[in-house]
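Down below is the structure, laid out as C-alpha cells.
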Amino acid sequence: MNTRRIGALIGAATLALTLTACGDDSGGTSTSGSGTAGAGGGSGAIKIGIKFDQPGLGLKDGNTYSGFDVDVANYVAKELGRSPVTFIQAPSKQREDLIATGQVELIFATYSITDERKQKVSFAGPYFVAGQDLLVAADSDIAGPEDLDGKKLCSVTGSTSAQKVKDSYPGVQLQNFDTYSKCLDLVVNGQLDALTTDNTILAGYAAQPAYKGKLKVVGKTFSEERYGVGLKKGDVALCEKVNTALKKMVDSGDWQKAVDANFGPAGFKVDTSTNPPKTDACS
Ligand code: GLU
C-alpha cells in the first residue's frame with residue numbers, strides 16, 4: 001500500500017508538473033527572444049530545469065523543491081544575482097530542447113556531460129561525478145551488468161544509462177520509460193529484473209520508506225557520469241559565471257554541506273577520488 005501510495009504521489013506530482021510545464025511552453029516562446037539578446041545570462045527571474053521525481057537530487061513535493069541539484073541550482077542562481085527561481089520539470093529526453101527553445105536558462109538535472117549533447121547545448125561544471133549502477137529486488141542475485149543477459153531492464157529514453165546498455169549489453173531486453181520512478185513498482189513486483197541509471201538516483205529510491213527492504217543498489221558502477229549545468233550552446237560568458245559560482249560553492253564548504261544533507265539520509269557514499277570535480281574550460 002505504501003509502495004502504491006508513493007508511486008501515486010510521484011505520478012501525481014509528475015502529472016501536475018507536466019501540465020505546468022505545458023503551460024510554460026507558450027510563455028517560453030515569447031520570452032525566448034529576450035533570452036537570446038544577452039549572452040552571459042539575463043537579470044531578474046530565472047527558469048531552471050530540474051528533475052521532479054528523484055529524491056535526494058531533484059524532488060517536487062507540493063510547492064517545495066529539494067535535493068542536491070536543487071541546492072546547487074539555488075546557490076548558483078543567487079551568485080548570478082537572479083531571482084526568483086522558477087523550477088521547470090526537465091525529463092531526460094527533453095533537456096536539450098528545453099534549453100534550445102529558451103524554456104529554461106539552466107539545467108541541473110543529473111545531466112551528464114557528453115560530446116553528443118555538446119552538439120546542441122553547452123555545459124558548465126562538472127559539479128558532481130556519479131556512476132551507472134543497477135537497482136534490483138532485495139532477493140535478486142544480479143551482481144553486475146554481466147548478469148543481465150536475457151533479463152528485463154528498465155531505463156529512461158534519452159539517458160546515457162539506456163544508451164550504455166544498448167551499446168555494451170545487447171543481450172538485455174531494455175524497456176524505456178520517460179522517468180525512472182515509473183520503473184520502481186515494476187522491479188518490486190518482479191515484472192522487470194532491474195532498473196539502471198546513476199548510483200545517486202538509485203540510492204535515493206532504495207532509501208524511500210516504501211522500498212526499504214524491497215530494493216537494493218548492486219554497488220558496482222560501470223560508467224562515469226559527470227554532472228554538468230546545461231545552458232545555451234556557445235554562451236561562454238554565462239558558462240564562466242556558473243563555473244565561478246560552482247568553485248565558490250566548493251571552496252566555501254557549501255558544496256559539502258549540500259552533499260551531506262542530500263545524500264546522507266540515503267546512506268550514499270560519495271566517491272572522494274572523483275569528487276568534488278574540477279570544472280572544465282567553457283567553450
Ligand atoms: N546522468 C545520466 C544522463 O544524463 C542518467 C540520469 C538522467 O537521465 O538524468 O543521462
Side-chain angles (χ1 to χ4, degrees), residues 10 13-14 17-18 21 48-60 65-70 72-73 87-100 104 106-135 145 153-169 172 174-184 187 194-206 217-218 220-231 262-263 266 268 270-271 274-275 277 280:
I10 290 174
T14 308
L17 261 301
T18 307
I48 295 183
I50 58 164
K51 295 296 182 78
F52 277 2
D53 67 339
Q54 296 180 185
L57 289 148
L59 187 69
K60 177 179 159 55
Y65 301 90
S66 64
F68 182 68
D69 280 342
V70 171
V72 180
F87 288 116
I88 307 277
Q89 188 178 24
S92 298
K93 192 178 170 233
Q94 293 173 31
R95 291 176 292 201
E96 288 85 23
D97 278 353
L98 284 169
I99 291 170
V104 300
L106 299 173
I107 285 190
F108 297 75
T110 58
Y111 196 12
S112 299
I113 300 171
T114 70
D115 287 342
E116 199 187 335
R117 290 172 179 166
K118 278 192 199 166
Q119 306 292 316
K120 295 183 179 163
V121 301
S122 289
F123 287 99
Y127 60 92
F128 194 83
V129 180
Q132 186 168 354
D133 209 325
L134 299 168
L135 184 76
L153 185 67
C154 185
S155 199
V156 159
T157 317
S159 68
T160 56
S161 324
Q163 195 58 48
K164 173 92 181 177
V165 170
K166 268 186 231 156
D167 294 344
S168 309
Y169 305 97
V172 177
L174 185 63
Q175 295 191 18
N176 279 329
F177 290 77
D178 57 347
T179 67
Y180 297 103
S181 57
K182 291 190 180 154
C183 305
L184 294 171
V187 177
L195 158 61
T196 189
T197 188
D198 303 341
N199 51 359
T200 44
I201 301 170
L202 300 178
Y205 289 140
V217 182
V218 166
K220 196 172 158 194
T221 55
F222 49 101
S223 78
E224 188 167 84
E225 306 298 322
R226 303 167 74 246
Y227 291 172
V229 183
L231 49 91
N262 292 296
F263 297 134
F268 178 73
V270 171
D271 183 349
T274 50
N275 284 294
D280 296 341

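Because the structure is predicted, anything quoted here is derived from the model rather than measured. In each ligand, atom 1 is the first atom listed, and ligand 1 is the first ligand listed.
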Using heavy atoms and a threshold below 4.0 Å, how should the contact between S112 and ligand 1 be classified: side chain, backbone, both, or neither?
both
Nearest protein heavy atom with distance in Å, relative to atom 7 (C) of ligand 1
Y180 OH, 3.2 Å
Please determine which of R226, R117, Q132 meets the side-chain contact (heavy atoms from CB on, under 4.5 Å) test together with S112.
R117
Does the side chain of S92 come under 3.5 Å of the side chain of K51 through a donor N or O and an acceptor N or O?
yes
Mind jotting down which residue pairs meet the side-chain hydrogen bond (donor to acceptor under 3.5 Å, both in side chains) criterion with at least one end in residues 119-131? Sequence neighbours excluded, please.
D69-Y127
By number and element, which atoms of ligand 1 are closer than 4.0 Å to a non-hydrogen atom of K51?
7 (C), 8 (O), 9 (O)
Residue Y111 vicinity, atoms of ligand 1 by number, heavy atom under 4.0 Å:
4 (O)
Please state which part of T110 comes within less than 4.0 Å of ligand 1, counting heavy atoms only: side chain, backbone, both or neither.
both
Checking heavy atoms under 4.0 Å, the part of I201 that sits near ligand 1 is side chain
What part of D198, side chain from CB on, backbone N/CA/C/O, both or neither, has a heavy atom under 4.0 Å from ligand 1?
side chain
Enumerated ligand 1 atoms positioned under 4.0 Å from heavy atoms of T197:
5 (C), 6 (C)
Between D198 and T110, does any side-chain donor sit less than 3.5 Å from a side-chain acceptor?
no
Return yes when V156 approaches ligand 1 closer than 4.0 angstrom through a heavy atom, no otherwise.
no
Tell me which one of A90, A162, S161, A109 gets a heavy atom nearest to atom 5 (C) of ligand 1.
S161
With F52, which of Y65, F87, Y180 fulfils ring-ring contact (aromatic ring centres under 6.0 Å, His included)?
Y65
Is it the case that the side chains of T274 and E224 hold a donor-acceptor pair, with the cut-off being a distance below 3.5 Å and no angle test?
no
Proximal atoms of ligand 1 relative to S92 (non-hydrogen, under 4.0 Å)
7 (C), 8 (O), 9 (O)
One residue to check: R95. Relative to ligand 1, which of side chain, backbone, both or neither has a non-hydrogen atom less than 4.0 Å away?
side chain
Using a 4.0 Å heavy-atom cut-off, which part of R117 comes near ligand 1: side chain, backbone, both, or neither?
side chain
S159 neighbourhood, listing ligand 1 atoms whose heavy-atom distance to it stays under 4.0 Å:
8 (O), 10 (O)
So is T160 polar-close to ligand 1, meaning N/O to N/O under 3.5 Å?
yes
